[in-house]
Amino acid sequence: MDLKSNEPFWLLKNGLIATYPSLKSDEKCDVLIIGGGITGSLIAHQMIEDGYETILIDKRELCNGSTSATTSMLQYEIDIPLYKLIEKIGEKGALESYKACSEAIDALEKLTVKIHSNAGFKRKKSLYFASKKKDVDGLKKEYEARKSAGFEVNWLNADQIFKKFGFENTYGGILSKQGASIDAFQFAHELFKHNVKKGLKIFDKTEMTEVEYHKGFNIAKVDSGFQIKAKKIIYCIGYESKNLLKENFVNLKSTYAVVSEVDKDKFKNINSTLVWNTDDPYLYMRTTDDGRLLIGGGDEDFYDAGKRDSILNKKENEILKNLKKIKPDYHFYTDFMWAGTFGETKDGLPYIGEHKKFKNSYFVLGFGGNGITFSITGMEMSSMFMKNKKHLLSKYFMFGR
C-alpha cells in the first residue's frame with residue numbers, strides 16, 4: 001500500500017538522514033518491532049529503556065511511510081469531541097483517553113530534552129473554532145465538558161478570534177493551553193540513532209512475510225529468506241494493519257496537505273497556535289519552524305493510491321478555498337502539496353493491545369489525528385504488556401471493543 005504521494009515537505013526538508021542494512025543473517029531477540037515510523041521509534045526506545053534485546057525491521061527506508069506525510073500536530077483533543085466520547089464509551093474511558101493524550105505531549109517534550117533533539121518541538125495553544133453558526137451549541141457543550149474535566153480552556157467569541165488571530169467568518173471557539181508541534185520525521189530518526197548506540201538493531205528494506213507461532217516465542221521470516229526468533233513481536237504498522245487484520249476495525253481515509261512558501265510575518269498570529277475547525281472533514285493548520293503555513297484537510301474515503309493522487313490539484317483548490325473563508329485577503333503561495341492515508345475508527349481511539357490470532361504479539365496502532373500522542377501512551381502500555389500487566393486504557397483500546 002502506498003501511504004503518501006508526491007514528496008511530502010518533511011522528506012524534502014530533511015533529506016536522507018540515515019540508512020540501515022537489510023537483514024542478511026538469522027537473528028534472535030527479546031522483542032521484534034515491525035514498522036519503522038514514529039510509532040516504531042517510540043516503542044523501540046521504550047524496549048531499550050526497559051532492557052530488552054530489541055530488533056526493528058521495516059520494508060521501506062525508515063520513516064518513509066505515514067511518518068513522512070504527517071502534519072505532526074500534537075493535540076490532546078481526539079477527533080471525537082469529549083462530550084460525544086463520554087456518550088459512546090462512558091465518562092471514565094473518555095476522560096482517561098483525553099488525559100492520556102495531554103500527558104503524552106508532556107512526555108514527548110521530556111523525551112526531546114533527554115535525547116537533545118533538534119526536531120523543533122514547540123509548545124503551542126490550540127484553537128478549535130466553529131465554522132458554521134449551527135456548530136456553536138455543540139462547541140459550547142464541548143467547552144463545558146473540557147472545563148469540567150480540568151483542561152485549561154477559554155471560550156473566545158468571533159470578535160476575540162478576529163482580534164487575536166485575524167480570522168473572519170468564525171462563530172466562536174475553544175482556545176486550549178495544551179498543544180505542541182514537531183518534525184516527527186526528524187525526531188523518529190533521532191530516536192533511532194539514540195537507541196542504536198544503546199544496542200537497538202535496525203534492518204530496513206526487510207519485509208516480514210510469515211510468522212510461526214511457538215510456545216514462548218515466534219519466528220518471523222522475511223523476504224530475504226532469513227528469520228528472526230523473538231520472544232515477543234510488537235506491530236507498529238499503522239494503516240497497513242488493514243492488510244494483516246481481516247476484520248473491519250478501521251476505515252482508511254485520504255487526507256491532503258499544502259505548505260506555503262516561507263513568510264514568517266504573515267503567519268505570526270498563529271505561530272504559537274494549532275488551528276482546526278468544526279467542518280466535516282475539518283480544516284487544520286499550523287506553522288513550521290522555518291516560517292511556513294501548513295494546511296491540511298479535504299479528507300475522503302481511500303480507494304486506491306492512483307485515485308487519491310489524481311485529485312491533488314482539486315484538493316489544493318478545495319483547501320485554499322476554505323482558507324479564503326477565514327482569511328479573505330490572504331494569498332497563499334503553495335510550495336509543497338501531498339496526500340497521505342490515515343485510519344478512522346468508530347470512536348476516534350487507537351487499537352493498542354493483543355489480538356487473539358497473533359500469539360506472543362502486541363499491536364500499537366495510533367489512528368486518527370492523535371497517532372503520535374496515542375503512540376506515546378502505547379509506550380507505557382507496551383512496557384506493561386511485556387510484564388504481563390494490564391493498563392487502565394487496555395479495555396478501551398482493545399480489539400473487538
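Sequence positions, counted from 1, serve as the residue numbers for this chain.
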Exercise for the section: Say whether Tyr76 and Ser176, considering side chains only, have a donor N or O and an acceptor N or O under 3.5 Å apart. Expected result: yes
Practice task
Kindly write out the residues that satisfy ring pair (Phe, Tyr, Trp, His ring centres under 6.0 Å) with Phe121, not counting sequence neighbours, or none if the list is empty.
Solution key: none
Problem - Modelled atom types, side-chain donor and acceptor of Ser148 and Tyr83, under 3.5 Å - result: no
Handout entry: Cationic N near anionic O, under 4.0 Å, Arg60 to Glu240
Key = yes
Exercise for the section: Could you tell me whether the side chain of Asp204 and the main chain of Tyr20 form a donor-acceptor pair under 3.5 Å? Expected result: yes
Exercise for the section: Please say whether the positively charged group of Lys229, taken as NZ for Lys or CZ for Arg, lies over the ring of Phe217, i.e. under 6.0 angstrom from the six-membered ring centre and within 45 degrees of the axis. Expected result: yes
Practice task
Taking the side chain as every heavy atom from C-beta outward, state whether Ile295 and Tyr256 have any atom pair closer than 4.5 Å.
Solution key: no
Exercise for the section: Using atom types as modelled and distance alone, determine if a side-chain donor or acceptor of Thr54 lies under 3.5 Å from a backbone N or O of Tyr52. Expected result: yes
Problem - Residues forming a ring pair (Phe, Tyr, Trp, His ring centres under 6.0 Å) with His116, sequence neighbours excluded - result: none
Problem - N-O pairing of Glu142 and Lys147 below 4.0 Å - result: no
Exercise for the section: Consider only side-chain N and O atoms of Lys124 and Ser126, and report whether a donor and an acceptor are under 3.5 Å apart. Expected result: no
Handout entry: Ser68 side chain to Gly65 backbone, donor-acceptor under 3.5 Å
Key = yes
Handout entry: Pair Thr209, Asp223: side-chain N/O donor-acceptor within cut-off below 3.5 Å
Key = no
Handout entry: Asp58/Lys205 ion pair, N-O < 4.0 Å
Key = no
Practice task
Say whether, by atom type as modelled, one donor and one acceptor occur between the side chain of Asn360 and the main chain of Lys215 under 3.5 angstrom.
Solution key: no
Exercise for the section: Search all heavy atoms of Ala230 against all heavy atoms of Ile233 and return the closest pair with its distance. Expected result: CB-CG1, 4.5 Å
Problem - Distance-only donor-acceptor check, side chains Glu247 and His355, under 3.5 Å - result: yes
Handout entry: Straight-line distance of Ser224 OG to Gln227 CD, nearest 0.5 Å
Key = 10.5 Å
Problem - Partner of Ile57 under side-chain contact (heavy atoms from CB on, under 4.5 Å), chosen from Leu23, Ile202, Ile228 - result: Ile228
Problem - Side-chain H-bond candidate by donor/acceptor type, Gln46 with Ser382, under 3.5 Å - result: no
Completion exercise
Heavy atoms of Val136 and Tyr171 approach each other most closely as CG2-O, 3.4 Å
Handout entry: Minimum side-chain heavy-atom gap Ser181-Ser72 below 4.5 Å
Key = no
Exercise for the section: May I ask you to decide if Met379's main-chain N or O and Ser383's side chain share a donor-acceptor pair within less than 3.5 Å? Expected result: no
Handout entry: Ser254 versus Glu300, side-chain donor and acceptor atoms under 3.5 Å
Key = no
Practice task
In sequence, state the C-alpha distance, the side-chain angles, and the governing distance for Arg146 and Glu77, and then conclude on salt bridge (Lys or Arg N to Asp or Glu O under 4.0 Å).
Solution key: CA-CA 10 Å; Arg146 293 188 192 180; Glu77 300 110 315; 3.3 Å; yes
Handout entry: Side-chain H-bond candidate by donor/acceptor type, Thr373 with Gln75, under 3.5 Å
Key = no
Problem - Lys201 with Glu27: basic N within carboxylate O range, under 4.0 Å - result: yes
Handout entry: No-hydrogen, no-angle side-chain donor-acceptor test under 3.5 Å, Gln178 and Asp106
Key = yes
Handout entry: NZ/NE/NH1/NH2 to OD/OE distance under 4.0 Å, Lys231 and Asp30
Key = yes
Problem - For Lys387, all residues meeting salt bridge (charged side-chain N to carboxylate O under 4.0 Å, His left out), sequence neighbours excluded - result: Asp50
Problem - Pair Ser131-Thr278, side-chain donor/acceptor within less than 3.5 Å - result: yes
Handout entry: salt_bridge(Arg401, Asp347) N-O dist < 4.0 Å
Key = yes
Exercise for the section: Please report the C-alpha distance between Lys24 and Ser22 in whole Å, then the side-chain angles of each, then the deciding distance to 0.1 Å, and finally whether the side-chain hydrogen bond (donor to acceptor under 3.5 Å, both in side chains) criterion is met. Expected result: CA-CA 6 Å; Lys24 299 181 179 68; Ser22 58; 3.2 Å; yes
Practice task
Can you spot which of Thr341, Asn251, Asn248 makes a side-chain hydrogen bond (donor to acceptor under 3.5 Å, both in side chains) with Lys242?
Solution key: Asn248
Practice task
Answer yes when Glu144 and Lys141 have at least one side-chain N-carboxylate O distance shorter than 4.0 Å, and no when they do not.
Solution key: no
Exercise for the section: Output yes when Asp335 and Arg292 qualify as a salt bridge under the 4.0 Å nitrogen-oxygen rule, no when they do not. Expected result: yes
Handout entry: Step-by-step salt bridge (Lys or Arg N to Asp or Glu O under 4.0 Å) determination, Glu49 to Lys198
Key = CA-CA 9 Å; Glu49 284 280 294; Lys198 295 192 169 189; 3.7 Å; yes
Problem - Lys122/Asp289 ion pair, N-O < 4.0 Å - result: no
Handout entry: Side chain proximity check, Ile43 to Leu56, heavy atoms < 4.5 angstrom
Key = no
Exercise for the section: Side-chain contact test, heavy atoms from C-beta onward, threshold under 4.5 Å: evaluate it for Trp338 versus Leu11 and give yes or no. Expected result: no
Practice task
To the nearest 0.5 angstrom, please state how far the OH atom of Tyr98 sits from the CD atom of Glu103.
Solution key: 15.0 Å
Problem - Expected output: side-chain Ser117 to main-chain Ala119 donor-acceptor under 3.5 Å - result: yes
